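Remarks on the structure that follows.
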Amino acid sequence: MPRDYYEVLGVGRDADEAQIKKAFRGLARELHPDVNAHDPEAESKFKEAAEAYEVLSDAERRRTYDAYGHEGLKTGGYSPHFEDFGSIGDLFSAFFGAGGFDAAFGQGRQPRGGAMQGGDVAVAAAIELSDAAHGKRVEVSYDATVLCETCRGNGAEPGTPIVACTTCHGSGQVQRVARTRFGQLVRTAICDTCGGDGRTAETPCETCGGRGMEARRQKVEVDVPAGISDGQRIRISGRGHAGERGGPNGDLYVVVRVQEDERFLRDAEDLITVVDVAAPHAALGTTIQVPTLDGDVPVEIPAGTQPGEQIVMRGRGMPPLGRGRTGDLRVVVNVATPRRLSAEQRDLLQQLAGTLTDENMRSDEGMFAKLKRVLAG
């Protein structure tokens with residue numbers, strides 16, 4: 001059984017003509033192939049909505065439907081006529097006139113005959129972590145379409161005229177006639193010969209083949225700001241593909257790829273590094289060299305430092321991208337147990353082990369605090 005027409009349009013049974021028309025246009029907007037290209041049922045859904053609108057927008061048909069339903073319409077001789085249309089575009093033209101979606105809603109794809117903005121270009125730039133910390137100026141290379149230097153973008157060989165298109169006679173549009181059960185359906189389309197411009201080059205430019213544009217290698221220097229993260233983009237206005245028919249250029253997007261530094265793990269603005277400290281040194285305390293973005297610096301390891309403990313070096317991390325404070329460098333101490341001991345070393349450790357007491361092993365941390373520290377490391 002067909003669905004209830006009011007349900008199809010999503011209106012109440014007391015909806016007036018304006019509400020029905022508004023509901024149908026809303027559905028048409030959702031189902032148009034330029035908006036909903038991935039729905040294989042868009043055409044059948046539009047036919048269903050068009051049938052509901054065709055009935056409910058006609059006062060006499062609506063009275064028959066309200067009184068007798070779908071069977072009443074069939075008895076009265078009504079049947080929808082959509083099977084003769086070649087595409088959903090023809091359906092839109094039948095309901096909204098030439099131009100389909102644009103005529104119905106006053107918007108949509110930009111006409112090919114008008115100025116069109118050029119496409120955007122994306123290019124990657126690889127930098128070191130230290131470059132991301134301090135900022136750097138890098139040069140990127142990419143291919144983009146630019147105005148042809150020979151014809152200056154008009155597509156004609158220098159010294160030859162631009163003439164009216166012989167296909168559309170200068171209008172930029174052509175009309176195609178299709179025969180349907182409604183009669184002849186006249187559709188207006190952009191001229192394929194001139195692309196909607198209405199004019200063509202009598203002698204096309206030999207350099208660009210009459211397109212007015214050519215692909216060329218571009219080089220641009222980009223300022224990478226300090227604090228940038230991997231994957232962030234920098235937009236450079238107007239450095240993308242050239243616009244057509246006087247339209248503006250597209251933009252260039254530089255995707256910054258921050259290479260990994262084996263010394264550090266980045267956590268937002270903080271940096272994390274791991275340093276190995278021999279167990280005897282961790283027990284006695286020592287001073288070691290710790291890597292930072294500005295070179296190695298000495299750091300004191302307090303006596304009795306345990307595995308996984310962290311020493312925080314304030315302001316030694318990454319700068320903020322914008323407002324905020326500079327991150328910290330978190331130094332994780334990995335207390336390393338000595339291996340491959342000599343006989344002398346083994347004797348010394350055995351002497352030490354023989355002197356250890358419970359007091360030497362006592363910790364101020366409880367079990368849960370120990371587990372939390374170990375798991376966090």
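Owing to the predicted nature of the structure, the values given are computational and were not obtained by experimental measurement. Both backbone and side-chain heavy atoms feed into the values below; hydrogens, waters and symmetry mates do not.
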Could you pull out the closest heavy-atom pair between [X] and [Y], with the gap in Å?
X: S141; Y: V123; answer: O-CG2, 3.6 Å
X: L321; Y: A226; answer: CD1-O, 3.5 Å
X: A283; Y: A303; answer: O-CB, 3.5 Å
X: G212; Y: C151; answer: CA-SG, 3.9 Å
X: V174; Y: C168; answer: CG1-CB, 4.1 Å
X: A52; Y: L9; answer: CB-CG, 3.9 Å

Verify the distance criterion only: is there a donor paired with an acceptor across the side chains of H281 and D276 at less than 3.5 Å?
no
Residue pair Y6 / D14, side-chain donor-acceptor N/O under 3.5 Å
no
Close side-chain approach of [X] to [Y], heavy-atom, < 4.5 Å:
X: I228; Y: K136; result: no
X: L271; Y: L293; result: yes
X: S171; Y: C191; result: no
X: D261; Y: S130; result: no
X: Q218; Y: L252; result: no
X: D4; Y: Y65; result: yes

If Ile, Leu, Val, Met, Phe, Trp and Tyr residues are connected whenever their side-chain heavy atoms lie under 4.5 Å apart, and connections chain through other members, are [X] and [Y] in the same group?
X: V255; Y: I127; result: no
X: V140; Y: V224; result: yes
X: V332; Y: M313; result: no
X: V254; Y: L129; result: yes
X: V297; Y: V333; result: yes

What do you reckon, is [atom1] of [X] surrounded by more than 12 foreign heavy atoms closer than 6.0 Å?
X: E260; atom1: CD; result: no
X: Q259; atom1: CD; result: yes
X: E60; atom1: CD; result: no
X: E262; atom1: CD; result: no

Walk me through whether E206 and T150 qualify under side chain to side chain contact (heavy atoms under 4.5 Å, CB included).
CA-CA 9 Å; E206 293 184 1; T150 303; over 6 Å; no
Member of D251, V121, D120 meeting the side-chain contact (heavy atoms from CB on, under 4.5 Å) criterion with H241:
V121
I would like to know whether V138 and E221 meet side chain to side chain contact (heavy atoms under 4.5 Å, CB included); could you show each step before the answer?
CA-CA 6 Å; V138 299; E221 289 191 339; over 6 Å; no
Under 3.5 Å, is there a donor-acceptor pair between the side chain of [X] and the main chain of [Y]?
X: Q306; Y: G304; result: yes
X: D223; Y: R137; result: no
X: D328; Y: G315; result: yes

Listed partners of E149 passing salt bridge (Lys or Arg N to Asp or Glu O under 4.0 Å), at least two apart:
R216
Sequence-distant partners of R330, salt bridge (Lys or Arg N to Asp or Glu O under 4.0 Å), two or more places apart
D267, D270
Pairwise distance [atom1]([X]) to [atom2]([Y]) - rounded to 0.5 angstrom:
X: R266; Y: I272; atom1: CZ; atom2: CD1; answer: 12.0 Å
X: I311; Y: I288; atom1: CD1; atom2: CD1; answer: 6.5 Å
X: I236; Y: N249; atom1: CD1; atom2: CG; answer: 13.0 Å
X: E157; Y: T207; atom1: CD; atom2: OG1; answer: 6.5 Å
X: E51; Y: E54; atom1: CD; atom2: CD; answer: 7.5 Å
X: T273; Y: R316; atom1: OG1; atom2: CZ; answer: 13.0 Å

Lys/Arg N to Asp/Glu carboxylate O, D230 vs R257, below 4.0 Å:
yes
Salt bridge check: are R263 and D296 linked by an N-O gap of less than 4.0 Å?
no
Residue pair Y5, R62: steps toward the side chain to side chain contact (heavy atoms under 4.5 Å, CB included) verdict
CA-CA 10 Å; Y5 288 144; R62 183 175 181 180; over 6 Å; no
For I20 and Y53: C-alpha separation, side-chain torsions, deciding distance, then whether side chain to side chain contact (heavy atoms under 4.5 Å, CB included) applies.
CA-CA 7 Å; I20 291 172; Y53 174 71; 3.9 Å; yes
